[in-house]
Trainee: 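The structure that follows is given in the form of C-alpha cells.
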Amino acid sequence: MTVAQPEGLNFECETGNYHTFCPISCVAWLYQKIEDSFFLVIGTKTCGYFLQNAMGVMIFAEPRYAMAELEEGDISAKLNDYEELKRLSLQIKRDRNPSVIVWIGTCTTEIIKMDLEGLAPKLEAEIGIPIVVARANGLDYAFTQGEDTVLAAMAARCPKKEVEAEKEERNAIQKLLNFGRQKEEVAAADREYVDHPPLVLFGSLPDPVVTQLTLELKKQGIKVSGWLPSKRYTELPVLEEGYYVCGVNPFLSRTATTLMRRRKCKLIGAPFPIGPDGTRAWIEKICSVFGIEPKGLDDRERQIWESVEDYVKLIRGKTVFFMGDNLLEISQARFLIRCGAIVPEIGIPYMDKRYQAAELKLLEETCKEMGAPMPTIIEKPDNYNQLQRIHEMQPDLVITGMAHANPLEARGINTKWSVEFTFAQIHGFTNTRDLLELATRPLRRNSNLKDLGWDKLVKEAAEV
Ligand code: SF4
C-alpha cells in the first residue's frame, strides 16, 4: 500500500547507534497502571541491573514485577523451561494472586529461541491465571515500544461480547463519572451523548489524564466505551468488529495494526493529544469521523495559549535539537514549533509513517503557518554524528538522554532529559503548562546561573 508522504519534510536514516532505554522498562509504568497484573521479565542479570537502576526509588516499594534470571543450565537446555517457569508462576500466584501474569521476553530468550508463546497457553490452563506474552527486547525495539508490544498482546485478550451483568463493572471510568447519581440522572446524562458507533481509546496514561481526555470528548457528545489498558486486567474493554479505535501516543503502531487486522476495528488516524494544538486536532478528527460539529475548541485552545504565554515567551525563537529516544519526538517538536521554536533536527528511533501520518501532516502545516524551516527527521540516529552536528549548530536546547546530558551541559549547551516526558502528564489541554514547565526548566535555570560565569566548565581541549 502506498501512503501519501508529506512533501516538505526531509527523512533520513542513520546507523541506529544511539542511546535509549530498553523496552523492558515499560513494566515500570504498566504494573502501576494495571493494578492486578504481575510482570515477569525472563532475562539475565543485565536486564535486572538495568531495571533496578532505571526505576530508581520505585524498586523499594515492593513492585509487582520480578526477574526470572536465566542460568547456565537454562541456556544449555539442561533444565526444563516449562518446569522452571511453572515453579516461578506458581510462586507468584501464591504470593500475589494477580489476575494476569505478563511474561516479558528479552534478548536472551530470543537468541536461545525459548518458545514463550508456545509454553504460555499450556501453563495458563494448568495454573488457571491468564499469561500474556510480550517480546519487548532490545534487539527489536526501543523504550516506549515495550508498551506497544504489551498492548498488542493484550488486544488479543479483550472480550468479544459484552455480558450484560458485567457491563457496568467493565467501564470503570463511566462508573466514576456516574458516581453518586440516581438511575434517572444517569439515563439523562446518557442522552447528552451523540449516537455514534463505540469508540475505544488505546495507550497507557495516568488515571487523572484518562478522566480529563474522557471528559474532553464528552463535551463534544462522544462517549468513550473503554480504554486499552484499563485500570484492571479484568476490566479490559469489549472489542467487536467495526468498533472505532484511536491512539493517544505515537509509539503504538503495533497495537494499532493488531486492532485493525486481528480485531477488525477501524482506526481513527489523528494527531496525538500533546499540546493544545495537538489535543484540538485530535478531538476534531474524532468528531469528523462521527460527523459531529466540534464546539468551543477555538476558544479553548486560545485560552490555554494565553494562560501559558509566560512560558511560551521563553521558548520563542530558540533552536531545539531532538536526539531521539522515545518516539514522542514528532508530537513534541510540532508543539514547540507552534510555540515559536526552530527545530533543525528530530531524531527518532523508529518512524511509522502510516500510523503517524496525521501527526506528520500537522507538523508540516505548523511549520508553514509559523514560517519555520522544515526539520530533518532522522530515523535510527547516530549519536556520535549528532554530537558533531550539535557542536556546529550550538542549539539553545538539546532534548536527550542522561548519557549525554551532563557532558553537553559542561560544554555550555542546555539539555533537557527526554525520559521525563514519558513519565510526566503531558496529554490534553490542561497539562500544557506542565509540558512547557519541563521544556523550559533548563533555560530558566541556566539564565539564573549565567551571571556566575560558570556556563562552560570543561577544558577547551576536550572538544566533542
Ligand atoms: S537490551 Fe536485552 S539484555 Fe539488555 S536489558 Fe534489554 S532485554 Fe535485557
Side-chain angles (χ1 to χ4, degrees), residues 14-32 37-59 63-77 79 81 84-85 88-89 92 101-120 131-154 204 251-255 323-328 347-350 379-384 400-404 417-419 422-423:
E14 281 188 317
T15 58
N17 194 356
Y18 64 96
H19 283 266
T20 181
F21 271 22
C22 169
I24 61 171
S25 54
C26 69
V27 307
W29 64 90
L30 287 177
Y31 93 77
Q32 302 210 24
S37 60
F38 193 98
F39 286 78
L40 184 67
V41 182
I42 305 161
T44 56
K45 280 201 166 37
T46 311
C47 316
Y49 288 141
F50 161 68
L51 271 185
Q52 194 171 347
N53 287 300
M55 285 170 65
V57 290
M58 273 150 68
I59 62 140
R64 286 188 319 283
Y65 88 83
M67 291 290 313
E69 263 179 28
L70 300 167
E71 294 170 11
E72 291 289 327
D74 295 303
I75 293 174
S76 57
L79 299 174
D81 296 341
E84 289 296 304
L85 284 167
L88 287 172
S89 301
I92 294 168
I101 300 178
V102 184
W103 284 355
I104 303 282
T106 61
C107 300
T108 318
T109 55
E110 287 295 315
I111 290 166
I112 63 172
K113 304 221 179 305
M114 194 187 265
D115 181 21
L116 296 177
E117 271 105 347
L119 298 176
I131 297 175
V132 172
V133 180
R135 300 189 190 181
N137 60 66
L139 294 173
D140 299 316
Y141 305 111
F143 196 9
T144 47
Q145 287 182 292
E147 174 181 322
D148 194 22
T149 56
V150 174
L151 295 191
M154 279 204 179
S204 161
F251 44 78
L252 298 170
S253 52
R254 277 171 65 94
T255 311
M323 285 185 81
D325 63 0
N326 59 15
L327 283 95
L328 291 170
I348 186 166
Y350 169 72
E379 196 181 356
K380 300 190 178 61
D382 184 307
N383 278 175
Y384 184 82
T400 180
M402 212 37 134
H404 294 115
W417 187 34
S418 51
V419 172
T422 332
F423 293 103

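Here the structure is a predicted model, which is why all the values come from computation and not from measurement. Just follow the structure's listing: the first ligand is 1, and inside any ligand the first atom is 1.
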Trainee: Counting non-hydrogen protein atoms only, what is the nearest one to atom 6 (Fe) of ligand 1? Give residue, atom name and distance.
Mentor: C22 SG, 2.2 Å

Trainee: Would you please say whether a donor-acceptor pair under 3.5 Å links the side chains of T144 and N326?
Mentor: no

Trainee: Say whether S418 and D325, considering side chains only, have a donor N or O and an acceptor N or O under 3.5 Å apart.
Mentor: yes

Trainee: Using 30° and 60° as the class limits, which term best fits the ring planes of F21 and F50: parallel, tilted or perpendicular?
Mentor: perpendicular

Trainee: For ligand 1, which atoms, with element, lie under 4.0 Å from some heavy atom of G138?
Mentor: 1 (S), 2 (Fe), 7 (S)

Trainee: Taking E14 for its side chain and P381 for its backbone only, find out whether a donor-acceptor pair lies under 3.5 Å.
Mentor: no

Trainee: Select the closest option to atom 7 (S) of ligand 1 among T109, I111, T108, T106, judged by heavy-atom distance.
Mentor: T106

Trainee: Nearest protein heavy atom to atom 4 (Fe) of ligand 1, by residue and atom, and its distance?
Mentor: T46 CG2, 4.1 Å

Trainee: Suppose we only count N/O/S atoms under 2.8 Å; would C107 qualify as near atom 2 (Fe) of ligand 1?
Mentor: yes

Trainee: Does T106 reach the main-chain N or O of I42 with its side chain, forming a donor-acceptor pair under 3.5 Å?
Mentor: yes

Trainee: Please list the nearest protein heavy atom to atom 8 (Fe) of ligand 1 with its residue and the distance rounded to 0.1 Å.
Mentor: C47 SG, 2.3 Å

